[in-house]
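These numbers were taken from a predicted model, which means no experiment stands behind them.
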Amino acid sequence: MKGGTIQISWHESKPVLTLDFHPLSSTLATAGADFDIKFWSIKPAGTQKKLPVVSYLSNLSYHSSAVNVIRFSSSGELLASGADGGDLIIWTLHSTDAGQTWKVLKTLRSHHKDILDLQWSTDARYIISGSVDNCCIIWDVNKGTNLQTLDAHAHYVQGVAWDPLGKYVTSLSSDRTCRIYINKPLKSKGVEKINYVSRHVISKADQPLLKNSKETKFHLFHDETLPSFFRRLSWSPDGSFLLVPAGSYKINTASESVNAAYIFSRKDLSRPAIQLPCANKAVVAVRFCPIFFKLRGKSSAGLFKLPYRIIFAVATLNSLYIYDTESTSPIAILAGLHYAAITDITWSSDAHYLALSSQDGFCSLMEFENDELGSLYPLSEGQVSNSDSKGTMGTVDDTVTVSTKNVSAVQAMADDMVIEASGNIGAVRTESGVRQENEATGIVEDSTENEAEEKNDNMVIETTEISGAAELDCRKGDRGEKQLRNSGTVIFGAQDEAEKQTANPDLDVKQTKAKEKTEKLQSSLDGIKSGPEQKAGQHMSTLKSTPVTNKPAKKRITPIAIDP
């Protein structure tokens with residue numbers, strides 16, 4: 001695997017808020033706070049261990065405000081873009097003598113405020129969009145009409161997803177709820193119309209605090225203070241499970257909140273089946289690789305019962321985790337990629353590239369070699385199960401926590417990037433030794449974190465004897481100002497008794513002070529998009545406007561290839 005942050009001006013140094021790969025090519029579309037949609041060609045780095053080559057192709061200038069989300073239809077013939085102010089535009093691809101161009105097909109207006117997320121149905125007939133007006137709208141693309149408004153949320157709708165099998169739509173809001181709607185079609189004059197009604201509202205879970213104590217309710221998701229506009233959730237390509245970001249929970253009232261992503265089995269969408277703990281930052285986006293891979297035959301915890309491997313990416317505010325369904329450990333962990341929050345992630349249709357965008361005005365690209373992720377699974381029509389009654393996970397009666405222990409890390413470190421391949425991370429079902437609470441949704445995590453001091457002004461992250469992922473913590477104040485600190489080495493898994501006995505008390509004092517300082521730096525949502533511009537402007541002082549040639553960063557070391 002090769003990758004890193006591409007040093008070009010994507011959107012005039014303005015925050016990049018969204019990106020998506022064309023489903024039939026390696027063309028990457030990006031959009032952001034400069035109001036434009038831009039297209040880029042991605043070419044492999046070749047035999048040398050360099051970053052993929054990105055070339056500017058064209059741009060679409062139509063929106064009059066920041067573009068928060070862009071998504072191609074499954075055929076690649078249509079493109080939907082949602083922006084501030086509530087504008088949703090459908091673009092269509094036209095072929096001319098000079099080549100292919102995009103033209104506005106329809107402008108859909110029903111949202112009163114900013115659109116934060118959208119997704120196409122599999123057949124590209126419908127779109128679901130989520131907005132700051134607290135509503136989801138289901139659109140008929142051909143007619144350009146609002147078919148249904150789902151207005152049950154009490155706060156911003158920051159993520160929406162469409163079940164690939166067409167039965168469910170889901171939404172995630174800063175009101176700390178995830179809502180799942182089921183389609184119960186209505187017949188009128190012999191015509192069947194879609195009609196989504198609420199099926200599940202996931203908000204809290206039962207959790208016994210201590211022995212002999214009464215059960216209490218705890219929230220499963222972050223509240224509105226999460227410093228991100230986006231909570232992009234996603235269904236797996238086969239519809240077997242739903243992956244939801246922005247998870248947050250407490251083991252007990254005295255403990256600190258733990259960030260996580262939740263996996264819901266299609267068999268039981270009323271509660272999480274698996275909880276994936278992440279580091280010290282909230283999860284803001286998840287995305288599935290569109291390709292299925294053959295099983296590798298490795299020992300597995302049996303959490304998924306699938307004849308193929310599905311790979312997915314989980315992005316926190318400042319790091320990226322890549323998982324597959326055959327193992328319980330991440331394939332890779334990438335941290336310290338950007339100066340500001342990650343906003344979106346996308347896979348290319350051939351799984352050769354994984355891209356992510358950030359509010360600092362830059363995008364990062366990861367390139368995978370042929371068969372590096374595995375051998376392609378020969379998927380023919382009808383092989384993917386679409387039965388709602390058939391379980392796809394080995395554990396659905398209790399919530400399983402995927403803990404991360406005894407990480408054996410291979411690190412490739414750059415000036416602003418760490419790639420970590422991890423192995424031997426233990427997470428199994430209840431009978432195999434996972435720590436769980438009682439019946440409902442016991443969620444436990446065995447992770448500890450150590451913070452190292454910042455060693456120099458250039459933010460070069462120093463390696464320690466204990467392998468882990470070094471992360472760059474980016475926080476913005478109430479007026480959009482960022483404060484950077486080196487959070488040091490993040491350790492996944494519990495430390496042994498010897499390490500606990502030799503713990504440095506001075507370090508604990510520093511951790512406590514850092515936490516108190518962080519708590520005072522709550523970000524205002526209104527300043528998120530503009531906040532990174534100051535830092536991005538400094539970072540771009542030597543770069544030209546789009547397009548420009550690549551320019552290596554200071555002290556950058558190209559990451560080594562990692563065999564997952």
Side-chain angles (χ1 to χ4, degrees), residues 6 8-14 16-46 51-83 85 87-109 115 118-127 129 139-145 290-291 344 346-355 357 363 365 367 543-550:
I6 307 297
I8 63 176
S9 176
W10 295 84
H11 286 270
E12 305 293 340
S13 77
K14 299 291 182 66
V16 185
L17 302 175
T18 182
L19 74 177
D20 198 33
F21 271 108
H22 191 275
L24 302 180
S25 67
S26 294
T27 299
L28 178 66
T30 63
D34 67 343
F35 310 168
D36 280 0
I37 300 172
K38 290 183 169 62
F39 297 96
W40 313 81
S41 68
I42 311 296
K43 295 182 180 179
L51 299 179
V53 179
V54 178
S55 301
Y56 171 80
L57 295 176
S58 61
N59 74 297
L60 302 175
S61 298
Y62 188 86
H63 285 285
S64 59
S65 57
V67 182
N68 299 314
V69 57
I70 52 175
R71 293 291 184 265
F72 289 102
S73 65
S74 56
S75 65
E77 296 176 356
L78 298 174
L79 173 68
S81 58
D87 286 344
L88 175 56
I89 295 177
I90 308 299
W91 307 78
T92 183
L93 188 60
H94 282 265
S95 296
T96 63
D97 295 337
Q100 292 183 326
T101 60
W102 290 91
K103 294 184 178 180
V104 174
L105 178 65
K106 289 182 176 68
T107 300
L108 310 180
R109 291 189 176 94
I115 296 174
L118 64 85
Q119 189 170 11
W120 293 85
S121 62
T122 305
D123 57 9
R125 294 176 59 191
Y126 308 105
I127 284 178
S129 57
W139 306 85
D140 185 313
V141 176
N142 294 327
K143 297 179 180 179
T145 57
I291 290 181
D344 202 1
T346 183
W347 293 84
S348 63
S349 58
D350 56 7
H352 282 317
Y353 302 106
L354 173 64
S357 57
C363 297
L365 274 172
E367 179 184 351
L543 300 177
K544 299 179 181 179
S545 300
T546 306
V548 296
T549 57
N550 291 4

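Residues meeting the salt bridge (charged side-chain N to carboxylate O under 4.0 Å, His left out) test with D344, sequence neighbours left out: R71, R232. With sequence neighbours excluded, the residues forming a side-chain hydrogen bond (donor to acceptor under 3.5 Å, both in side chains) with S129 are H111, W139, listed by chain and number. Not a single ring-ring contact (aromatic ring centres under 6.0 Å, His included) links H94 to another residue, sequence neighbours left out. Evaluation of the side chain to side chain contact (heavy atoms under 4.5 Å, CB included) rule for D123 yields S121, R125, Y126 as partners, not counting sequence neighbours. Residues forming a side chain to side chain contact (heavy atoms under 4.5 Å, CB included) with L93 (at least two apart in sequence, or on another chain): Q100, W102. With sequence neighbours left out, T27 forms a side-chain hydrogen bond (donor to acceptor under 3.5 Å, both in side chains) with S25. Every residue two or more places apart in sequence or in another chain that forms a side-chain hydrogen bond (donor to acceptor under 3.5 Å, both in side chains) with D87 is listed here: R109. For S64, the side chain to side chain contact (heavy atoms under 4.5 Å, CB included) test picks out no residue, with sequence neighbours left out. A search for side chain to side chain contact (heavy atoms under 4.5 Å, CB included) contacts involving L78 returns S73, I90, T92, L105, W120, V141, not counting sequence neighbours. By the ring-ring contact (aromatic ring centres under 6.0 Å, His included) test, F21 is found to be paired with no residue, residues two or more places apart in sequence or in another chain being considered.
Closest heavy-atom contact between L365 and A355: CD2-CB, 3.4 Å. Across all non-hydrogen atoms, the minimal contact from S81 to H63 is OG-NE2, 2.7 Å. A pairwise comparison of heavy atoms in S13 and S9 identifies N-OG, 3.8 Å as the closest pair. The shortest non-hydrogen separation linking A66 to L17 is CB-CD1, 4.2 Å.
Here the side chain of K106 pairs a donor or acceptor atom with the backbone of N142 at under 3.5 angstrom. At distances below 3.5 Å, not a single donor-acceptor pair connects side-chain atoms of D20 with backbone N or O atoms of A29. One N or O on the side chain of S74 and one on the backbone of T122 form a donor-acceptor pair closer than 3.5 Å.
Here the side chains of E367 and P44 are in contact, with some heavy-atom distance below 4.5 Å. Side-chain contact between I70 and L79 is present, with at least one heavy-atom pair separated by less than 4.5 Å. When side chains are defined from C-beta on, W91 counts as touching I37, because their heavy atoms get closer than 4.5 Å. Counting heavy atoms from C-beta outward, C363 and I6 have side chains that stay 4.5 Å or more apart. Looking only at side-chain heavy atoms (C-beta outward), V54 and W10 come within less than 4.5 Å of each other.
Rounding to the nearest 0.5 angstrom, the gap separating the CD1 atom in I291 from the NE2 atom in H352 is 7.5 Å. Interatomic distance, N59 CG to W40 CH2, rounded to the nearest 0.5 Å: 9.5 Å. Note that CZ of F39 is 9.0 Å distant from OG1 of T30, once rounded to the nearest 0.5 Å. A distance of 5.5 Å separates CG of L19 from OG1 of T346, quoted to the nearest 0.5 Å. One distance of note links CD1 of I42 with CG of L51; it measures 11.0 Å at 0.5 Å rounding.
The ring of F72 has its center closer than 6.0 angstrom to the ring center of H22.
Under the salt bridge (charged side-chain N to carboxylate O under 4.0 Å, His left out) criterion, no residue pair touches residues 346-355, with sequence neighbours excluded. Sorted by first then second residue, the salt bridge (charged side-chain N to carboxylate O under 4.0 Å, His left out) pairs that include residues 89-101, not counting sequence neighbours, number zero.
Exactly one of I127, T145, L108 qualifies for a side chain to side chain contact (heavy atoms under 4.5 Å, CB included) with D140. That residue is T145.
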